[in-house]
Undergrad: 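I am attaching a structure below and will ask some questions about it afterwards.
Chain identifiers are assigned alphabetically (A, B, ...) following the order of the sequence lines, protein sequences preceding nucleic acid strands; residue numbering begins at 1 within each chain. Note that the structure is a prediction, hence the values are computed from the model and not measured.
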Amino acid sequence: MDIEIPKSEAHGDLATTIAMNLARPLKKPPRKIAEELVSEIKKYESPFEKIDIAGAGFINFTFKKEYLYKGLNRLLKEGYEFLKQDIGKGRKIQIEFVSANPTGPLHIGHGRGAAYGNALSNILKAAGYNVQKEYYINDAGMQVRLLGQSVYVRYQQLLGNDIPFPEEGYKGSYIENISEEIIKEVSNKYLDVSFGECSEFFTDYAYKRMLADISKDLQDFGVTFDRWQSEKELYQKTEGGAEESIVQDAIDELRVMGYIYEKDGAIWFRSTDFGDDKDRVIVKKDGEYTYFASDIAYHKDKLDRGFDAIVNIWGADHHGYIPRIRAVLRAFSLPEEKFKVILIQMVTLLRHGSPVSMSKRAGEFITLREVVDEVGADTTKFIFLTRRSEASLDFDIDIAKEQSSENPVFYVQYAFARIASIFRQAEKTDHRAQGTEHRQDVEFSVLKENEETLLIKKLLQYPIIFEGAAYAFEPHRITYYLQELAKLFHSYYNKHRVISDEEALTNARLQLCRAVQIVLQEGLHMLGVSAPERM
RNA sequence: GCGCCUGUAGCUCAGUUGGAUAGAGCAACUGCCUUCUAAGCAGUGGGCCAGGGGUUCGAAUCCCUUCAGGCGCACCA
């Protein structure tokens with residue numbers, strides 16, 4: 001039976017369309033079905049004060065006040081436990097996100113993925129899943145070697161050896177910074193040494209340096225990972241585990257199953273057996289593995305680690321990659337519903353109203369760090385999390401800054417801070433510490449104002465909203481809910497005084513405020529946004 | 001050419017998996033601070049839900065089609 005929260009207050013607190021949906025199979029008019037259902041429900045004890053039939057056959061339920069007070073009391077007593085729902089039942093879920101190549105700083109698009117992945121992880125954790133957040137490091141192969149080479153050439157140039165810069169090399173100024181750092185460390189040790197002889201040093205130094213920066217940027221953005229998986233490690237022998245390497249073992253396993261063949265001097269995976277448009281090369285003519293080879297191994301490894309579900313959060317520009325990964329998982333017989341890819345659409349960064357071109361190779365881009373420094377981590381995250389991940393978004397850096405005083409994130413945080421301020425005020429009077437503690441003796445029936453009823457109803461909706469967000473993998477539902485809750489609170493605050501001479505009313509209102517604070521804090525926590533006591 | 005995503009108020013975006021009169025923020029305009037934070041509140045205006053067909057009691061939502069924008073279609077990631 002599907003139950004929804006009606007848009008309009010006039011339609012009660014909960015509504016169902018079941019009578020309309022049953023009309024056809026039962027061959028009866030919907031209103032008649034509704035009448036029968038309602039008269040049946042009314043025979044029993046229920047938390048509803050009113051059950052109405054409206055429109056074409058909607059059944060609208062309105063809660064009794066006592067039921068609302070009971071709910072409020074539970075929320076206050078159980079706190080965050082009341083807000084969580086055990087959907088996951090401890091199932092292990094792995095969420096891989098960001099996973100940007102360590103060949104340059106993170107940009108705004110990575111930031112969106114980071115904000116989303118982090119929020120989703122928080123939500124699923126609260127929903128009873130055993131969540132592991134992972135970052136996959138592409139520290140092997142062409143791209144990092146190119147990074148190393150770029151740093152190498154800049155190093156030579158800085159020391160006066162004017163050799164040409166690789167055409168496809170990374171041109172950002174961060175390359176030069178790393179080269180300078182290397183000079184400080186090893187002086188001219190590698191001057192006039194060919195890249196072939198010292199590629200490992202430059203490559204390792206450069207990507208490790210980039211990785212350290214990335215990790216720091218993410219940390220300052222408020223995003224952390226449980227595990228960082230190195231691609232390079234997948235090529236190394238493991239003690240007692242792989243015979244050759246995880247990559248080679250995975251390929252061998254596919255070979256045994258008959259999905260590997262050789263053609264034109266290369267080795268292919270027959271992904272077309274599993275719905276891909278074409279077969280994919282895993283070992284190139286020159287004997288090098290492609291990235292796809294390690295991706296096979298990586299996903300195989302995820303399966304071996306025993307997750308109940310695997311979630312990959314990718315930039316939308318990688319969507320063409322899905323069929324081949326799906327093919328791999330099918331080949332290893334992972335049930336379809338255990339693998340999910342979420343595509344985060346592109347972010348267009350706007351400055352002064354026009355798009356900023358972003359090219360890592362050419363070195364023209366604005367980094368995540370710059371944006372976060374300029375507009376703040378909370379604001380940046382909140383902006384990302386007020387959009388569905390499937391919709392591309394324009395991030396106007398000037399607007400994000402200009403609006404800072406009237407930004408939705410501050411609106412929500414302000415509600416939280418205001419309540420904290422009320423509590424501070426309460427402590428100054430004789431209502432000492434009543435805001436922050438739960439009290440059994442509070443009589444909520446004194447909360448008779450319409451704004452109070454609306455607030456309580458809204459608070460009790462949180463678990464429903466949360467469940468929807470967890471089920472649909474949509475953090476933005478919480479973002480919108482928080483804005484609505486904050487709006488109701490601000491409105492209430494403006495119209496009624498919490499602290500007054502009336503002892504019973506003051507106590508009840510302080511407790512109501514505490515409930516609002518609990519929900520705001522929990523919601524903001526899900527989004528990875530701070531809840532300041534003062535603003 | 002093929003595939004994926006998007007098109008909703010002047011702007012940025014929601015729209016509870018097909019429900020009731022399509023919403024919010026920003027911008028614009030009008031009011032509200034000697035009392036718990038004015039980063040706030042109350043109010044006004046603003047729409048061919050890109051266009052056209054279809055499915056049904058009912059469509060912004062599902063199907064077909066056209067148009068527009070973004071992103072992919074490597075022995076690069």
Undergrad: Applying salt bridge (charged side-chain N to carboxylate O under 4.0 Å, His left out) as the test, list every pair that has at least one member in residues 135-149 of chain A; sequence neighbours left out.
TA: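 For residues 135-149 of chain A: A:Arg145-A:Glu288.
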Undergrad: Under 3.5 Å for both donor-acceptor distances, Watson-Crick or wobble: does B:rA38 have a partner, and if so which one?
TA: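 Across any shown strand, B:rA38 pairs with none.
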Undergrad: For the pair A:Tyr462 and A:Tyr481, name the ring-plane relationship: parallel under 30°, tilted 30 to 60°, perpendicular over 60°.
TA: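 Taking A:Tyr481 first and then A:Tyr462, their aromatic rings stand perpendicular (interplane angle over 60°).
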Undergrad: To the nearest Å, give me how far apart CD (A:Glu262) and C1' (B:rC75) are.
TA: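 After rounding, the reported distance stands at 13 Å.
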Undergrad: Which atoms form the tightest heavy-atom contact between A:Arg424 and A:Glu533, and what is the distance?
TA: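 Scanning both residues, the minimum pair turns out to be NH1-O, 3.3 Å.
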Undergrad: Would you find more than 12 non-hydrogen atoms of other residues, nucleotides or ligands less than 6.0 Å from A:Asp501 atom CG?
TA: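 Not more than 12 within 6.0 Å, no.
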Undergrad: Can you confirm if the aromatic rings of A:Tyr261 and A:Phe269 lie within a centre distance of less than 6.0 Å?
TA: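 Aromatic pair excluded; centres sit 6.0 Å or further apart.
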Undergrad: How many Å lie between CG on A:Leu349 and C1' on B:rG70, as a whole number?
TA: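 Result: 16 Å.
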Undergrad: Looking only at side chains, do A:Asp378 and A:Gln413 share a donor and an acceptor under 3.5 Å apart?
TA: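 Side chains of A:Asp378 and A:Gln413: pair found under 3.5 Å.
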Undergrad: Report the glycosidic orientation of B:rC4: syn if within 90° of 0, anti in every other case.
TA: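 Anti.
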Undergrad: What's the CG-C1' distance between A:Leu146 and B:rC76, to the nearest Å?
TA: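 Atom CG in A:Leu146 sits about 10 Å away from atom C1' in B:rC76.
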Undergrad: Work out how far the C1' atom of B:rG10 is from that of B:rU56, and round it to whole angstrom.
TA: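 The same atom, C1', in both gives a distance of 36 Å.
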Undergrad: Please give the nucleotide sitting opposite B:rA9 as a Watson-Crick or G-U wobble pair, both distances under 3.5 Å, or none.
TA: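 Pairing partner, where one exists within any strand: none, as none qualifies.
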Undergrad: Across all strands, who's sitting opposite B:rC49 as a Watson-Crick or G-U wobble pair, both distances under 3.5 Å?
TA: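 Its partner is none (no Watson-Crick or G-U wobble pair with both distances under 3.5 Å).
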Undergrad: Looking only at atom P, what distance separates B:rA9 and B:rG47, rounded to whole Å?
TA: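 Result for the P pair: 10 Å, nearest Å.
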Undergrad: Within this structure, what is the CD1-to-P distance between A:Ile18 and B:rG58, rounded to whole angstrom?
TA: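 Interatomic distance, CD1 of A:Ile18 to P of B:rG58: 20 Å.
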Undergrad: Hey, which of these two, A:Val498 or A:Asp279, hits RNA chain B nearer its 5' end, going by closest nucleotide?
TA: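 It is A:Val498 whose nearest nucleotide is closer to the 5' end.
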Undergrad: Taking atom C1' in both B:rU44 and B:rA27, compute the distance separating them and give it to the nearest angstrom.
TA: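 Those two atoms are separated by 14 Å.
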Undergrad: Please give, in whole Å, the distance from B:rC36 P to A:Glu451 CD?
TA: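 Rounding to the nearest Å, CD of A:Glu451 and P of B:rC36 are 19 Å apart.
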Undergrad: Identify the nucleotide, in any strand shown, that forms a Watson-Crick or G-U wobble pair with B:rG43, with both distances under 3.5 Å; if there is none, say none.
TA: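 B:rG43 is paired with B:rC29.
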Undergrad: Between B:rA39, B:rC36, B:rA42, which nucleotide gets closest to the side-chain atoms of A:Met535?
TA: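 Selected nucleotide (nearest to the side chain): B:rA39.
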Undergrad: Under the criterion side chain to side chain contact (heavy atoms under 4.5 Å, CB included), which of A:Leu520, A:Val516, A:Leu482 is the partner of A:Phe416?
TA: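 Of all the options given, the one that passes is A:Leu520.
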Undergrad: For A:Pro532 and A:Met142, find the nucleotide of RNA chain B closest to each by heavy atoms; which residue's nucleotide sits nearer the 5' end?
TA: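 Taking each residue's closest nucleotide, the earlier one in sequence belongs to A:Pro532.
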Undergrad: Separation of A:Asp396 atom CG from B:rC11 atom C1', in whole Å?
TA: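 The distance from CG of A:Asp396 to C1' of B:rC11 comes to 10 Å, rounded to the nearest Å.
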Undergrad: Take atom C1' in B:rC62 and the same atom in B:rU17, then report the distance between them in whole Å.
TA: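 B:rC62 and B:rU17 have their C1' atoms separated by 11 Å.
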Undergrad: For B:rC2, what is the paired nucleotide under Watson-Crick or G-U wobble rules, both distances under 3.5 Å?
TA: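 Check on B:rC2: paired to B:rG72, both distances under 3.5 Å.
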Undergrad: Could you list all N or O pairs between the protein and nucleotides 1-4 of chain B that sit under 3.5 Å apart?
TA:
{"from": "B:rG3", "atom 1": "N2", "to": "A:His319", "atom 2": "NE2", "distance (Å)": "2.6"}

Undergrad: What about the rings of A:Phe97 and A:Tyr116, do their centers lie closer together than 6.0 Å?
TA: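 Aromatic pair excluded; centres sit 6.0 Å or further apart.
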Undergrad: Can you tell me the distance, in whole Å, between the CD1 atom of A:Ile419 and the P atom of B:rA39?
TA: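 So the CD1-P distance, A:Ile419 to B:rA39, works out to 16 Å.
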Undergrad: Decide yes or no for A:Leu234 and A:Gln229: does some side-chain heavy atom of the first lie under 4.5 Å from some side-chain heavy atom of the second?
TA: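 Side-chain contact under 4.5 Å: yes.
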Undergrad: Measuring only the C1' atom in each nucleotide, how far is B:rG1 from B:rC63? A whole number of Å is fine.
TA: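 My reading of the C1' atoms in B:rG1 and B:rC63 gives 24 Å.
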Undergrad: Quantified in whole Å, what is the P atom distance between nucleotide B:rU21 and nucleotide B:rA60?
TA: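 My reading of the P atoms in B:rU21 and B:rA60 gives 11 Å.
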Undergrad: If the C1' atom of B:rG19 is compared with that of B:rC11, how far apart are they to the nearest Å?
TA: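 Straight-line distance between the two C1' atoms is 30 Å.
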Undergrad: Closest to the A:Asp317 side chain: B:rC71, B:rG40, B:rC75?
TA: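 So the nucleotide nearest the side chain must be B:rC71.
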Undergrad: Given the P atoms of B:rG46 and B:rC64, what is the spacing between them in whole Å?
TA: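 To the nearest whole Å, 37 Å.
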Undergrad: Which part of the nucleic acid, if any, lies within contact of A:Ala420, taking any heavy atom under 4.0 Å across all strands shown: a base, the sugar-phosphate backbone alone, or nothing?
TA: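 No contact.
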Undergrad: Look at all strands and tell whether A:Phe292 reaches a base, only sugar-phosphate, or nothing, counting heavy atoms closer than 4.0 Å.
TA: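 Nothing, no nucleic acid heavy atom in range.
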Undergrad: Should A:Phe384 and A:His476 be marked as a ring-ring contact (aromatic ring centres under 6.0 Å, His included) after you check the CA-CA gap, both sets of side-chain angles, and the distance that decides it?
TA: CA-CA 9 Å; A:Phe384 286 144; A:His476 75 270; over 10 Å; no
Undergrad: Just by distance, no angles: are the side chains of A:Asp52 and A:His11 close enough, under 3.5 Å, to form a donor-acceptor pair?
TA: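 Result is no, nothing qualifies.
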Undergrad: In the 5'-to-3' direction, what one-character label does each nucleotide of nucleotides 13-25 of chain B receive under the scheme B = base within less than 4.0 Å of a protein heavy atom, S = sugar-phosphate only, - = no such atom?
TA: SSSBB-BB----S
Undergrad: Does A:Arg418 place a side-chain N or O at less than 4.0 Å from the phosphate oxygens OP1/OP2 of B:rA38?
TA: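 Checking B:rA38 against A:Arg418, a side-chain N or O does come within under 4.0 Å of OP1 or OP2.
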Undergrad: Between B:rG40 atom P and A:His496 atom NE2, what is the distance in whole Å?
TA: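 Those two atoms, NE2 and P, are 19 Å apart.
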Undergrad: For A:Glu533, report the nucleic acid contact type (base, sugar-phosphate, nothing); a contact means any heavy atom under 4.0 Å.
TA: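 If one applies the 4.0 Å heavy-atom cut-off, A:Glu533 turns out to touch a base.
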Undergrad: Assign B:rU30 to syn or anti; the rule is syn for a glycosidic angle within 90° of 0 and anti otherwise.
TA: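 Anti for B:rU30; the angle lies over 90° from 0.
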Undergrad: By side-chain contact (heavy atoms from CB on, under 4.5 Å), which residues pair with A:Ala508, not counting sequence neighbours?
TA: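 For A:Ala508, the residues satisfying side-chain contact (heavy atoms from CB on, under 4.5 Å) (neighbours in sequence not counted) are A:Val442, A:Phe444, A:Val446, A:Leu447.
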Undergrad: In plain terms, say whether A:Glu336 and A:Arg326 are close enough for a salt bridge, that is, a side-chain N and a carboxylate O under 4.0 Å apart.
TA: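 Yes, charged N to carboxylate O under 4.0 Å.
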Undergrad: Which residue pairs pass the salt bridge (charged side-chain N to carboxylate O under 4.0 Å, His left out) test with at least one member in residues 455-464 of chain A, sequence neighbours excluded?
TA: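 Sorted result for residues 455-464 of chain A: A:Asp13-A:Lys457, A:Lys458-A:Glu484.
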Undergrad: Report which part of the nucleic acid A:Asp286 touches: base, sugar-phosphate, or nothing (heavy-atom distance under 4.0 Å, all strands).
TA: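 It contacts nothing in the nucleic acid.
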Undergrad: Does a salt bridge link A:Lys232 with A:Asp204, judged by any charged N lying under 4.0 Å from a carboxylate O?
TA: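 A salt bridge links A:Lys232 with A:Asp204.
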Undergrad: Polar pairs (N or O, both sides) under 3.5 Å between protein and nucleotides 30-33 of chain B?
TA:
none

